[in-house]
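Keep in mind that what you see is a predicted model, and the values were worked out from it rather than measured. Computed over heavy atoms, backbone and side chain alike; hydrogens, waters and symmetry mates excluded. Chain letters run A, B, ... following the sequence lines, proteins first and then strands; every chain starts at 1.
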Amino acid sequence: MDFKSVEEKWQKSWGESKLFEVREDKKKKFYVLSMFPYPSGSGLHLGHALNFVIGDVFARFKRMQDFNVLQPMGFDALGLPAENAAIKACEHPEDYTNNSIKNYVRQLSSLGLSYDWSRVVNTADPDYYKWDQWIFLKMFEKGLAYQKESAVNWCPECNTVLANEQVQNGFCWRHEETKVKIKHLKQWFFKITDYADELYESIDSLDGWPQKTRAMQKNWIGKSHGTEISFEINGKNWNIFTTRPDTIFGVTFMVVSAQHKNLFELVTKEQKKEVENFLKRLNSVSEKELELMEKEGVFTGSYAVNPVNNEKIPVYAGNFVLADYGCGMVMAVPAHDQRDFEFAKKYGIKIKQVIDGKITEQRAFTNEGKLINSKEFDGIESNKAIEKITDFLIEQKKGKRVVNFKLRDWGISRQRYWGTPIPIIHCEKCGVVPVPEKDLPVKLPRQVKFGSGNPLLTNKDWINVICPKCGNNARRETDTMDTFVNSSWYFLRYADPKNNEKIFDKEKAGYWCPIDQYIGGYEHACMHLIYIRFYTKFLADLGLINFREPAKKLFHQGMLNGEGGVKMSKSKGNVVLPETVSEKYGIDTARLFLLSIASPDKPRDWSEKGIQGSLKFVNRIFDYFEKNVFGEDSKQTLSKLNKTIKDVTKEIDNFEYNTSLIKLRQLFEHIEKNRVSKDTSEKFLKLMSPFCSHIMEELWEKIGNKPFISNAKWPSFNEELIDEQLERIESIIDLVRQDIIKIKELAKIEKVSSVKIIVAPKWKWDALKIVKNVCGEKPDFRIAMNALMEKEEMKKNGKEIQGFLKVLMNKYNDFKLVNEFDEKKVLEEVKPLLEKEFGVIEIENAEESKEIKAKNAFPTKPALIVQ
RNA sequence: GCACGGGUUGGGGAGCGGUCAAACCCACCAGACUCAAAAUCUGGUCGCUUAGUGCGUUCAACGGUUCGAAUCCGUUCCCGUGCACCA
């Protein structure tokens, strides 16, 4: 069949009829969103296509279920990669990006994805990033956007600052080879930490999100309850943070971070030189080595006073204490913390045990337990002691309960061109002045020079402005925003993409949002997916929306690898393009294949051979409908159809596409064999339509329906028509047929003259019923045996019963499902059919059969004698 | 180290207490059709056996719970992913 013309025909038709364009109405809405792509110059490969296909199947399914489905698409066009790629190609990022987008739109359209193309969002469009700037101003207003001098992660390759989330193992997330350096710069931050607690706590309410993602976010935000305790050092109070105040009597030294900003207040004259040497040594080693380094430190010369027992304990500066977590200083309890333990061993510091437990030469005892050597707290369990000692410290005004987070504020400054300009003006007189809302957007100037440093610095006309406050000369902020800013709220803009007055209409956003089903990669678990939650909460606090989480359900799709499981990449030359596949097999076949291999959240490999199977299937479907001849449904057909509808409906909802495709295959096999009704055939087309939309559309029309199957009603199922017994009957008849064929072959019988079918003795079926009645669903051997022996008609088969029961127990104990039908009767019914095929058929019970002496067996299928 | 997720028959991949020697796809084998091949169709592919029912051994390893375990629990080994000196 000519896939290409069918695809083009329907894509055109869908487009012309604006089938997937939606507006707010009374119908129940459903918002399906696949994360928008960054339009790379190299275009989209089959792996990207798969991601979108997964979302598209879902959207099509929901649309047929009569939801008002919004499935938009857009482009995350700003960002470093585009800028770098453009520079490399000697193009302006704007032109480069626009070309890439054009290419993407072309490629996406040919995939037949059911997007509402009228809502495209492009983050590089000033009409879009204007609202990024607007949000920035709101944040600034609320004190959530602020500037501070800070040590930042600097990627020399990107030539810019990275957020904590973008540093991986000390390396840049985009440059696996490039070590991130620490630089001190004045940077813009979003105070995401103000939302840390809510971001952490409400993860539990996201039950439509994968468990793993939720765990990762929790881990990332890292909330821990603890106690802040102040220790007196040289007459001044220094705070530390601990989650184990129960071990405070075991403190034998203190460690302050080597990067602590007030470190030298603690260092005595005598120790100054040594501390300086220590710091010098730390600076000379690379980041990575630092990570692998042993716990090291140096004595500062100062002593702290333990607030619970007034012991004087030495204060060290150490390389293993983080300056920016907790207080930058810790109390060290070598007996009950492994790091402190190693440190104490190394420097010969006293180890004082205060929790009852075993400490070895190698390891501290880090579990909780009963307190010892802790004066009035002796004998108390850790968990209680934590409370009691904290209360005691609070009373003494030496401590307080605090909550600490690992999450840091989000550094959004980037010293690059292709991002949203930060709408700030620096005035010598007025200081930091926000650009007035009416002057938005602050557009990126086209004229800049790319080379070293921030390109925006090269356009003086753009930089030099008049201060909106005092009218004097001032300078624009030249930092641009992290690209994750753009993607943190785009889902809302889709609801009202062309609004020039407002960021979006409150009612429109209220109708469409939040996202019902969000789809995107695992890699976003800790970046984009935290930021988007943060933005949602902030916008809710501004009163723009009335929900606090962006997406009800989240799904992560698996990766598509190249042939043989090798990661698809240009350098390996194994990139598969959707165009190529389309040309050869049709995009529907490709969709079918990719979704058949594995469940959509698992990775899968491309296989040129594998797709043949899907092609075969597609062709068979086509052939069947080509004939356009239908018959009538048997009970079996109706049962199978309804069961399939039931299963497939549930499975698509759970993203179990692979298993639902198998069921659809099996349904089709039945349809093919049994010449079913037109209605059933049509229902099959509908069930297939989310997966193979073009072909189903074509066949739908071919058998005399009006377009479009794409918005036909999803079939409903009738539970009453589903009969598992019928399925069993079908399989028994099938087995008999297959056996006859096989025996015929084996015994080299040219023409079958007669077939004798021997079914299980009748008493067994009766016995089964008795056992079922007595034991219900959970049979017990003895009870069942006794019940059987009570019955007169069973007694005569006493010897066999035991064997029978044994088999019964092993094989058929789920009594709900054991077939109650009389095998003999069933076969009698289909006798004419079998006779037509094979000749004379005789059916008898095993006890009547001379040939078969019952062998203590409970046949699972009828035995045969073929002549 | 911590946190998740896994290890299933030649490959991929379902199954997650009983109808399980385990869906489905691929690969392979045999048969039909054909002069032949491709395509298509039919059957087979853990072992033994039978004309057929049948039996034995399997779902990383070892133990446990259960009348019954690929499925539940414990321990161990291996693999993947994320965070990693977070006090």
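Side chain of A:Lys352 to backbone of A:Val251: no donor-acceptor contact under 3.5 angstrom is found.
Separating the CD atom of A:Gln211 from the P atom of B:G5 is a distance of 7 Å, rounded to the nearest angstrom. If you take NE2 of A:His260 and P of B:A87, they are 17 Å apart, rounded to a whole angstrom. Atom-to-atom, OH of A:Tyr200 to C1' of B:C86 comes out at 13 Å; the value is rounded to the nearest Å. Atom CG in A:Asn239 sits about 17 Å away from atom P in B:A87, given to the nearest Å. Taking atom CD of A:Glu342 as the reference point, atom P of B:G1 lies 13 Å away to the nearest angstrom. Atom CD1 of A:Ile203 and atom C1' of B:C83 are 14 Å apart (whole Å). For the pair A:Phe405 CZ and B:A87 C1', the computed distance is 16 Å after rounding to whole Å.
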Under 3.5 Å, which donor-acceptor pairs do the side chains of residues 320-337 of chain A form with other protein atoms, sequence neighbours left out?
residue, atom, partner, partner atom, Å
A:Asp324, OD1, A:Arg408, NH1, 3.4
A:Asp324, OD2, A:Arg408, NH1, 3.2
A:Tyr325, OH, A:Ser224, OG, 3.0
A:His336, ND1, A:Phe365, O, 2.9
A:His336, NE2, A:Val354, N, 3.0
A:His336, NE2, A:Ile355, N, 3.0
A:Asp337, OD1, A:Arg339, N, 2.9
A:Asp337, OD1, A:Arg339, NE, 3.4
A:Asp337, OD1, A:Asp340, N, 3.1
A:Asp337, OD2, A:Arg339, NH2, 2.9

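A:Ser596 comes within contact range of no nucleotide atom at all, as no heavy-atom separation falls under 4.0 Å. When heavy atoms are screened at a 4.0 angstrom cut-off, A:Leu322 is found touching base atoms of the nucleic acid. If you check every strand for non-hydrogen atoms under 4.0 Å, A:Arg604 touches nothing. Note on A:Asp337: nothing from the nucleic acid sits closer than 4.0 angstrom, heavy atoms only. Within 4.0 Å of A:Val255, counting heavy atoms only, lies no atom of the nucleic acid at all. Among the heavy atoms of the strands lying under 4.0 Å from A:Lys602 are primed sugar atoms or P, OP1, OP2 only; no base atom is included.
Checked against B:G13, B:C86, B:A87, the side chain of A:Ser224 finds its nearest nucleotide in B:A87. Comparing atom distances between the A:Asn219 side chain and each of B:G12, B:A87, B:G82 picks out B:G82 as nearest. With B:G13, B:C85, B:A84 as the choices, the nucleotide that has an atom nearest any side-chain atom of A:Trp220 turns out to be B:A84. The side chain of A:Tyr325 has B:C86 as its nearest neighbour among B:C85, B:G12, B:C86.
Applying the salt bridge (Lys or Arg N to Asp or Glu O under 4.0 Å) test to every pair with at least one member in residues 596-615 of chain A, sequence neighbours left out, gives these pairs: A:Lys584-A:Glu608.
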List, with names and distances, any nitrogen or oxygen atoms from the protein found under 3.5 Å away from nitrogen or oxygen atoms belonging to nucleotides 78-81 of chain B.
residue, atom, partner, partner atom, Å
B:U81, O2', A:Lys212, NZ, 3.4

Can you name the atoms? Protein N/O to nucleotides 23-27 of chain B N/O, anything below 3.5 Å, with the distance.
residue, atom, partner, partner atom, Å
B:A23, O2', A:Gln666, NE2, 3.0

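B:C33 and B:U19 have their P atoms separated by 40 Å, with the value rounded to a whole Å. When the C1' atom is used for both B:C83 and B:C72, the distance is 30 Å, rounded to whole Å. The P atoms of B:G11 and B:C16 are separated by 23 Å, rounded to the nearest whole Å. Comparing B:C73 with B:G18, their P atoms are spaced 15 Å from each other, to the whole Å. For B:G6 and B:G15, the C1' atoms lie 15 Å apart once the distance is rounded to whole Å. To the nearest whole angstrom, the two C1' atoms, one in B:G54 and one in B:A21, are 14 Å apart. Comparing B:C62 with B:A70, their P atoms sit 13 Å apart, to the nearest whole Å. Spacing of P atoms, B:A69 relative to B:C59, comes out at 12 Å, to the nearest Å.
A:Phe341 meets the ring pair (Phe, Tyr, Trp, His ring centres under 6.0 Å) test with no other residue; sequence neighbours excluded. The salt bridge (Lys or Arg N to Asp or Glu O under 4.0 Å) search around A:Arg675 returns none, not counting sequence neighbours.
Defined by atom type and a distance below 3.5 Å, a donor-acceptor pair is present between the side-chain atoms of A:Thr390 and A:Thr227.
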Please walk me through it: do A:Phe555 and A:Trp209 pass ring pair (Phe, Tyr, Trp, His ring centres under 6.0 Å)?
CA-CA 7 Å; A:Phe555 184 81; A:Trp209 285 37; over 10 Å; no
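Residues A:Ile652 and A:Ser660 come closest through the heavy atom pair CG1-OG, 4.1 Å.
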